[in-house]
Every structure is written in C-alpha cells, then in structure tokens.
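Following: one structure in structure tokens, then a few remarks.
The sequence lines fix the lettering, A, B, ..., with proteins before strands; numbering per chain opens at 1. Keep in mind that the numbers below use all heavy atoms, side chains included, and drop hydrogens, waters and symmetry copies.
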Number of protein chains: 2
Amino acid sequence: MAVGDLSMPEMLPIRGIKIGISEAYIRYKNRRDLVVFELAEDSTVAAVFTKNAFCAAPVQLARHHLQVAAPRYLVINTGNANAGTGLRGLETTAETCQALAQLTGVQASQVLPFSTGVIGEQLPVDRLIAGLPAALKDLSIDAWRDAGAGIMTTDTLPKGASEVIEVEGQRYTLTGISKGAGMIRPNMATMLGFVATDAPIAKPLLEQLLKAVVEQSFNRITIDGDTSTNDACVLVATGKAGGTVIETAQDSRYEALLAALQRVFTRLAQLIVRDGEGATKFITVRVEQGQNTQECCDIAYSVAHSPLIKTAFFASDPNWGRILAAVGKAGVAELDVSKIQVWLDDVQICRDGGAAPDYTEAQGARVMQQEEITIRIALGRGEASDTVWTCDLSYDYVKINADYRS
Amino acid sequence: MAVGDLSMPEMLPIRGIKIGISEAYIRYKNRRDLVVFELAEDSTVAAVFTKNAFCAAPVQLARHHLQVAAPRYLVINTGNANAGTGLRGLETTAETCQALAQLTGVQASQVLPFSTGVIGEQLPVDRLIAGLPAALKDLSIDAWRDAGAGIMTTDTLPKGASEVIEVEGQRYTLTGISKGAGMIRPNMATMLGFVATDAPIAKPLLEQLLKAVVEQSFNRITIDGDTSTNDACVLVATGKAGGTVIETAQDSRYEALLAALQRVFTRLAQLIVRDGEGATKFITVRVEQGQNTQECCDIAYSVAHSPLIKTAFFASDPNWGRILAAVGKAGVAELDVSKIQVWLDDVQICRDGGAAPDYTEAQGARVMQQEEITIRIALGRGEASDTVWTCDLSYDYVKINADYRS
C-alpha cells in the first residue's frame, strides 16, 4: 500500500564504493540480509544517529569508531536490531567488526556496524560472521539496488535516489538508499540511510552538510512518532571524481552540491513515508507565519501525530475540526486562534479560527480523495515556516504491527 | 469492546441536585441528548477546563460565568461540540444560557454551558432551546443514570460512580458521571465529568480539592493523545447534608472527603479508558524510581502514546523492545538505560536495560492474554513515581474514527 511513485531510478555507481550482499539467515530464509560497503581509502565519512536513550549496540559502537578512525567498511544486517541487548549486544557487534576487519586487513575501528529489525533479541553473530566472506566475494561497484533490498524490514519496496550534477565543468554523482516503514519519527536520522558521492569533500564540511540536509529531510518525517533505537544515516564522499577538495561553504561548488544532496535526502526520506506501514495517503503538513521554526514544527508534529487526523485521512473525511484541535493542543504559547487559516491543498477550510464561510464539504471531499494532500496552516503571528511529511493511519498499520513478530 | 466491569453502581441522589433530560434532536434522532442540572442555592461549584488553545465556545463562556456568578444550572448537549465555530459559536452558547435563564428566573451568568460532539459545525441552537422546557419539566433528584446516558457520544456505555462516606457521624454522598471514548488525553479534565456531593465545602477549598483529584485521575488517562477542545469537569457541593462548612484542609473531615472524591474521580476517569474507542485491553503504565514526577509522566505518556506498543498489546504480543524504545525516546536527560527494569504485571521482562535472563516468551504471553495489564518501569534514579492509564489500539479504533462523521 505504498503511496505514489516509489520506483528506483537508475542507481548510478559511485567511484570508490563497492557493495556486497549475502544471505546470513539472521531472521529470514531466502533473504539476502547482510550488506557490506567497502569505501576507498581517503573517503571522508559523516554520520548522524538516533537520539533515543536506548540506542542500539551498533549505534553506540559506530559512533565511537567514527570518532577514532577513518571508516573503510560498513556492515549492515536486517532482521535483528541488536538493541536492548545489554553488554552481550555490544560484544556481538564488536565481534562482527573484528571479523570483518580480519577478513579485509583493516582495524576493527575502521568498520561501522548497523542493524535493523526486532529489538531485544541477541544478534545471531555466528551466522552473521559466517555470511561475511560471501558478501566480500560479492563486492561490486554496481550493487546499490540490491543493497536497497538487502536492508529492508517491513518496507514493501527498496528505496533509492541517484543523480548527477555538473558544477564548474566537474561531474559529481550522488547515490543513496534508505529503509524504514514503521517506528519512524527520526530525531537525528532515519532508520537507515546510506548516501555516497564521488565529490571530494573535507570531513568537517561533510559533517556540516549532512546535518543540514538531514534536518530538512529525515528529521521532518514521521509515521507513528516512535523514534527508533537504531536510526543512522551515513554520508560518504570518496573524492574519486577528482579535483581539489571542497573545504568550506565558501567554495563555489558548495551551493550546487548542497542543493543536490538536499534533493537526494528529501527523496529518500519521503520514500519512507510513502512506504509507511499501511499508508494510503502521503500528507504534507506545512505550517506558516509562525514566530519561529520550533513552534511551526510543534504544530506540524501535533497534526502529523494525531491518530484522529490520520484515521480521518484514511477515511478521506475532511474532518477539519480535528486539525484545529491538534493545532490547539500543540502547546504554543499565546496562540491567537482567531488568526488561524487552514487549507487542504487549494481549498480553504478554516478562516480566522472558524469554518471558512464559502467552504463546502464537497470541496473538502474532492481534495481528500487524492493520494497526496497538503495541509497548510497559517498562524498569522510571524514569518517562520516549516514542513513535516507523514501518512495516514489505516487498518493495515494495526495489522502490520500486531503481526510483526509472528 | 469495553474492558472489564463498567457497570454503574446504584447512583445515589445528591440532595440539592435535580437533573432533567430531553430530546433536542441536536444530531441524532431517538436520543435524549440534552441534560440540565439544577443546583440548589448556596451550592459551591468548581470546574476545570481544557488547555487546548482552540477551546470551544461553551468552555470559554462557562469559564467566564464561573468567575462572575454562582451557578444555578448546567446545560449539556451532545452531538455538537460548538468548537471552531467562531463568534457565531459564542452567540449560540450565550443564547442557550439566556433561554435557560429566562425559563428559570436566574441570570444568564448563573448558567454553565457544556457541549460535546462534532467539532466545527454550528450548534442548532433553535432546536436546543426548544428542548429546554421538556428538560426542566423532567427535573428530578433521581436521574443520574439517565444523565450519564444523555451525555454520551461514541461511548458504548454510560459511566457513573457513587458512594456514601461517614465522617464524624455525618453521612456524605458523592455521585458523578463522565463521558468520553476518543480524543482523550485530558490536559486539565476529561471530555465531560460532573460530580456532586451534599457535603458543605467552601468554594476555595472545593477548587483546591477538584484540582488535586483531577490531577491524579482525569489528567492521568490517555486514549489517543488528542486533548479535546471541550474537556470540562465540574464538582458541586450542595451542603444539604448539613453541618458546618468545611473551609480548610485542616478540617478533621477533609482527608476522608479527599479520599472519597479521589476514588470517585479515579473510577470515572478509568471508565473512560475502559470504554476507549476500540479498546480490548486496559493498560496501567506505572513509572517508579524517577527523579521527579514530571519525568515519570513523560516516560509513562511516551509508552502510553506509542502506536507500536498499543498495537502490540492489541495482538497480545509481549514485544518489550517497543517498550524500551518508548522509554528511550521520552527525552529524559541523562537516563542511564543500564539501570532500567521493566515488568509486565509480575513478570520481569527487562533487567538492567536488557532482556531479563530468566524471562521466557511464554511468561510474557501469559500476561498479555489478560484484559488488564500493568507495565511497571523502574528507572533506578530517584524516588518519584506516577501512573497513567491507557488502552490498546485496535482495528476498531481506526474503524470508529474513520466512520465517525458518516
């Protein structure tokens, strides 16, 4: 029940990145569930991780490894999150990194581990390690599509974005994959996102770029408000496109790169919402005329998390009273409700805090039939704005999450 | 699909309170949808209202009337919330109070109006006013049960509590009704609650008592996290039991009265959760060993609002990883997850932040089969504790809220 076009584009290889996939039987059979990324030497790497206090063992170790060494490998398993697994979970993650390091002749700290799947069960580390040689043997430059499939959990489709830009006569390629369909309200990154470019970008600038583009992409989506224990998003710059290293935002190539990265990240983030568990509608919640972005986000999330609004959208019911109630409960101080305007796409449903005089149910019903709908809310108290993307709440969301472990 | 015993006890009359009910055709046919309370002169009245910025017209007017006059009548309609209705909504509420005042010879400011139902449609005030004479003709001292039915919306059953206490040779009766099944996360009071006693209580003390008992009852329940625009809770003390007026918490009768009120309010609040839209499980979330009650509540609500946890409970799946994730995302600073213990009733599922070594799925599954389950979370960082009550998220929640207006 994915919403809109989720098709993968041609997934352009990134010079300096090889990907291998194998079957490690972590949880499922007949499923290539283990993915290894090999990064060329001298690649720069930036990553952001979940802010959930219960962050998974691989998140803890990846964060640490990134501080002490230059990563050469990423290892990602699906089927088991290795979260809530205590000290034993840290051990199994460390053993995974150690095993991959031995097979490839790097330091264990040069391996970043990622896991996604069920929380609270120990990682079957022996099976994982047994799958590593096959993944390494499979390494190739043209496996992004398979990697997208290899990291899926309840996703119905693999998710990818890819594009080429030309900046000052230089061609840069950007390619990325993401996954996630439930337990999605990233507070730093998505469940998992891996993006690479062959542009040469210095590490401090790469970190700055990643933060900026994640903030307006993965950090603006929500499916169920449940921030995962395993969210992680990685950006790699291999530099294989050549040219001088881009060091600062003053570099003349910076703006074009930032814009391209933002497009790729936004697409990858929106794909997660479009494939949200049970989703039948893709909903953009835009809040305008706020005093600051914080209050715009507070209201946008209050709307995006409301089960009453999400079920009304599932039913294609323009029940705008529920939108007003969600705006009002967001906790924004001194909100003057008599200044609030609300639109569903081009139809104004609420004017000055009440029903828009010329609004008819037929107009609302027409918009609600669409698969993609924008709720636009103007607060009339400032010039800030922000946008959050979410989906509806359907029978299938309940079904998927009631059945997930069985 | 109500959970547990929701039966009304014998609803004892309160001397000084008469209730009349009639059919005003606000939204439904064949439904007694208009309730009038008549309060004896010299009754003291306290009320708390929603903190939703979009508070309904009757909430605005009731709050104002309570400040300027001593209430003699409450008028409550179901089927229409008169919220998001702008200035016209205030007019129709004022007209309602005015009409009732004229019929009864009091001031309009001595009438407190309450509405519940669909948001964003104008109140059919002519039909409401036309129903008032029949309600007044119906006034009787023994109509609490019918009043409970008269204020229902998506409730499946009327909700009431009633008891008698003896304090220092004096008999006091307490009787109350409540309603609400969706859009329930009171931030001040429930959708609607009306409680009366014949004890003589001074108004300042009555207000203090109401705040105290609401904080530990209606303000500790959540069904879907959606604070309503119309929440209101009223406590009336008619004084008809006689005796000297209870003025302060130092009065020797105070503690017994507080305890009895807390029992009545807690029952009325829990009844709302037990009748939660689509509810099949009644879930108590207790957080202990916190540094303060705020962080205990933050974590309890994070758990109680998690759609992933609510659907897992619907499926009777002891998916405790989702509980850990919800604890971790609550935003409590410097939470040491290695100190966290979690129990489902008597079964410890999580020890020191990981799976409890002796826990088995069979134990968890046994508890999850129950209709009533306590999730107990110990944080190991202090001595504060707090409790929130909620229910699961089922197909029927989606069905009810997708269908509500149709």
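The list of salt bridge (Lys or Arg N to Asp or Glu O under 4.0 Å) pairs with a residue in residues 295-304 of chain B, not counting sequence neighbours, reads B/E295-B/R381.
In terms of heavy-atom pairs under 4.5 Å with chain A, the best-connected choice from B/G84, B/A355, B/G354 is B/G84.
Considering every non-hydrogen atom in both B/W320 and A/G120, the closest pair reads CZ2-O, 3.1 Å. A/I119 approaches B/A325 most closely through the heavy-atom pair CD1-CB, 4.1 Å. The shortest heavy-atom contact between B/T311 and A/V398 is CG2-CA, 3.9 Å. Heavy-atom minimum distance, B/L335 versus A/A53: CD2-CB, 4.2 Å.
Going from atom CG of B/N52 over to atom CG of A/L324 covers 9.0 Å, rounded to the nearest 0.5 Å.
Taking the side-chain contact (heavy atoms from CB on, under 4.5 Å) definition, one finds that A/T360 meets it with A/A362, A/Q363, sequence neighbours left out.
Using a 4.5 Å cut-off between heavy atoms, B/I340 touches chain A through its side chain atoms alone.
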